[in-house]
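What follows is a short report on a single structure.
Residue numbers start at 1 and run along the sequence shown.
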Amino acid sequence: MSTSWDSDDEYMKFIQRMNPPRVVIDNEASQNATVVKVDSANKYGILLEVVQVLTDLNLIIKKAYISSDGKWFMDVFNVTDRDGKKLRDAITINGIGDYIRKSLGADSCFVPTRRRSVDVALSTDHTSIELTGTDRPGLLSEVSAVLNDLKCNVVNAEVWTHNTRAAAVMHVTDDLTGSAITDPERLSKIKELLCNVLMGSNKVQGAKMVVSGEVTHTERRLHQMMLADRDYKRSDKDLFDVNVRPSVTVANCYDKDYSVVIVKCKDRPKLLFDIVCTLTDMKYVVFHGNVDAESPEAYQEFFIRHVDGSPVNSEAERQRVIQCLEAAIERRVSEGLKLELCTGDRVGLLTDVTRIFRENSLTVTRAEVSTRGGKAINTFYVRDAAGNPVDAKIIHSIRQVIGQTILQVKGYSEHPTSSPPQESPIRFLFAGLFKSRSLCNFTSVLSSS
């Protein structure tokens, strides 16, 4: 028996087939950016889909005009590459348009997750472990050590910390077979030991780890996990530290029955994605919006309603929206030293590197771990465990142990980018994304150009 959700989904697919998405890319309309115009049949979550696609393609959104009041979605995005320049490569420009159309089409495999629990997901080639727990110095080292002892190899991982909480999505394989771990007893043992590590001394707010078969966009999933973990709840000492927080206001527009959300903060990559992701997962719909990030400070304005059609109805709801958006902005802001590691991959590499960090009193505030073609490409944001600036002598000592050419220091950054060093980043991302969505024909065109 089909549900109403299934019926709505089939109806939306029919509408999309009758009205396929229209994408126009204009390189003349703006002097400083490439203009991407998207028209499509409207549906819940479509704004997040488009922003997520642009973000995954390593594009920086400098301006955006959003309109989806009715049955049609019309958006304009001014984008640049990571160097702040227009897109000049014709193959890349055409590929972006084709990719957006396929991503929004009726047969797209892009489905915003409805899952809210914290899980460990199984796939054919790896096991995806999702963790939340109490943050503390050395946590990533302890987690990776447990996985190493259990003969699990970490092939990809992303770790966020915010407001004393930590969340991670880690793709692991059996270090003997190189395939996913499926044995229930082994998974149960992994869960038990990791939960003990994540729990730490915090018996009030514990750790979570489960097994599921659903696949979700990693960064969106991290937002969901931290939102569910209520990392937006601030301690008493943070309540008075308003000067360092982003400015978020929520007011009602009674004439149009909307709530107006205005965000002002220092601009950084993926800022719009983080905000739209959180609004969507909190079940709000953006009907109109204006984004301006051409100066160091970004300005974002959204006219929203809850999916039930109502604006923000109470002071408690208004405060929750403000707190959750502040948290969404702050999660990706990693103050401290950025270290990039590139070397041949091997079992236990992450364990060894993070152990060296811990032994030198460094704590990891955010991490991105990936393997490509037998190479480990890892980015770590680290700080002194006591909260002091990182001593240059310690970094020199660590690099002596790990290798001067293997571990590179990228300096202090209040708003770092979230991508490791890449060769031709947009093209590389196209290849990975198209393979994952069975669009290999375009990948071959990119690789031959």
Side-chain angles (χ1 to χ4, degrees), residues 20-40 46-67 73-105 108 110 217 219 267-277 289-296 298-300 332 368 372 377 415-437 439-449:
R22 180 171 175 265
V23 181
V24 176
I25 299 181
D26 187 343
N27 230 1
E28 304 300 326
S30 171
Q31 183 177 355
N32 302 317
T34 299
V35 179
V36 180
K37 303 175 183 178
V38 182
D39 295 339
S40 174
I46 190 171
L47 175 60
L48 176 56
E49 292 186 30
V50 177
V51 172
Q52 181 173 305
V53 167
L54 294 174
T55 302
D56 285 345
L57 294 176
N58 248 0
L59 300 176
I60 303 297
I61 300 172
K62 307 302 289 186
K63 279 192 174 184
Y65 306 94
I66 302 160
S67 179
F73 171 86
M74 294 175 287
D75 269 16
V76 179
F77 300 91
N78 287 19
V79 302
T80 67
D81 63 17
R82 297 306 288 263
D83 296 322
K85 298 178 180 178
K86 277 187 176 185
L87 310 179
R88 296 296 186 182
D89 186 280
I91 294 177
T92 299
I93 291 172
N94 293 334
I96 290 171
D98 290 342
Y99 186 65
I100 294 173
R101 280 186 285 269
K102 289 181 173 68
S103 297
L104 297 182
S108 168
F110 185 111
H217 186 276
E219 293 176 349
D267 189 34
R268 60 165 175 77
K270 302 192 179 185
L271 177 63
L272 180 59
F273 168 80
D274 294 337
I275 291 172
V276 172
C277 179
N290 177 42
V291 174
D292 187 346
E294 291 193 317
S295 64
Y299 175 89
Q300 300 187 11
R332 205 189 291 270
E368 297 152 19
R372 301 173 191 162
I377 304 175
H415 299 277
T417 62
S418 60
S419 297
Q422 301 173 349
E423 297 179 3
S424 185
I426 294 179
R427 294 190 176 205
F428 181 85
L429 277 166
F430 265 130
L433 289 165
F434 272 72
K435 285 178 183 177
S436 67
R437 300 190 189 186
L439 301 175
C440 295
N441 290 338
F442 182 70
T443 305
S444 62
V445 173
L446 285 177
S447 60
S448 63
S449 62

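- With contacts defined as side-chain heavy-atom distances shorter than 4.5 Å, the pair Lys37/Asp75 does not qualify.
- The structure places CZ of Arg268 at 6.0 Å from CZ of Arg332, a figure rounded to the nearest 0.5 Å.
- A 4.5 Å side-chain heavy-atom check between Tyr299 and Val291 finds every atom pair outside the cut-off.
- Looking at Lys85 and Thr80, their side chains never come closer than 4.5 Å, going by heavy atoms from C-beta outward.
- Atom CG of Leu54 and atom CG of Leu272 lie 9.0 Å apart (nearest 0.5 Å).
- Rounding to the nearest 0.5 Å places SG of Cys277 at 7.5 Å from CD of Gln52.
- Looking at every heavy atom in both residues, Asp98 comes nearest to Arg101 through OD1-NH2, 2.8 Å.
- The two residues Ala33 and Lys86 make their nearest non-hydrogen contact at O-CE, 3.3 Å.
- Shown here for Asp81 and Asp83, the closest heavy-atom pair between the two residues is OD1-N, 2.9 Å.
- Remark: Phe273 CZ to Leu48 CG distance equals 6.0 Å, nearest 0.5 Å.
- The CD atom of Glu294 lies 6.5 Å from the OG atom of Ser30; values are rounded to the nearest 0.5 Å.
- Using a cut-off of 4.0 Å between Lys/Arg side-chain N and Asp/Glu carboxylate O, Asp56 and Lys270 are scored as not salt-bridged.
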Can you list, pair by pair, the side-chain donor-acceptor contacts under 3.5 Å of residues 59-66, counting residues two or more places apart and other chains?
from  : atom 1 : to     : atom 2 : distance (Å)
Lys62 : NZ     : Ala293 : O      : 3.3

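- For the pair Phe77 and Val35, the minimum side-chain heavy-atom distance is 4.5 Å or more.
- Taking the side chain as every heavy atom from C-beta outward, Val23 and Val36 approach each other to under 4.5 Å.
- The shortest side-chain heavy-atom distance between Phe73 and Val50 falls under the 4.5 Å cut-off.
- At a threshold of 4.5 Å between non-hydrogen side-chain atoms, the residues Arg82 and Pro269 count as touching.
- Smallest separation of non-hydrogen atoms from Pro21 and Leu104: CG-CB, 3.6 Å.
- Shown here for Asp267 and Ser295, the closest heavy-atom pair between the two residues is CB-O, 4.1 Å.
- Summarising the geometry, atom OG1 belonging to Thr34 is positioned 8.5 Å from atom CG belonging to Asn78; distances are rounded to the nearest 0.5 Å.
- Taking the side chain to side chain contact (heavy atoms under 4.5 Å, CB included) definition, one finds that Ile93 meets it with Ile25, Asn27, Leu87, sequence neighbours left out.
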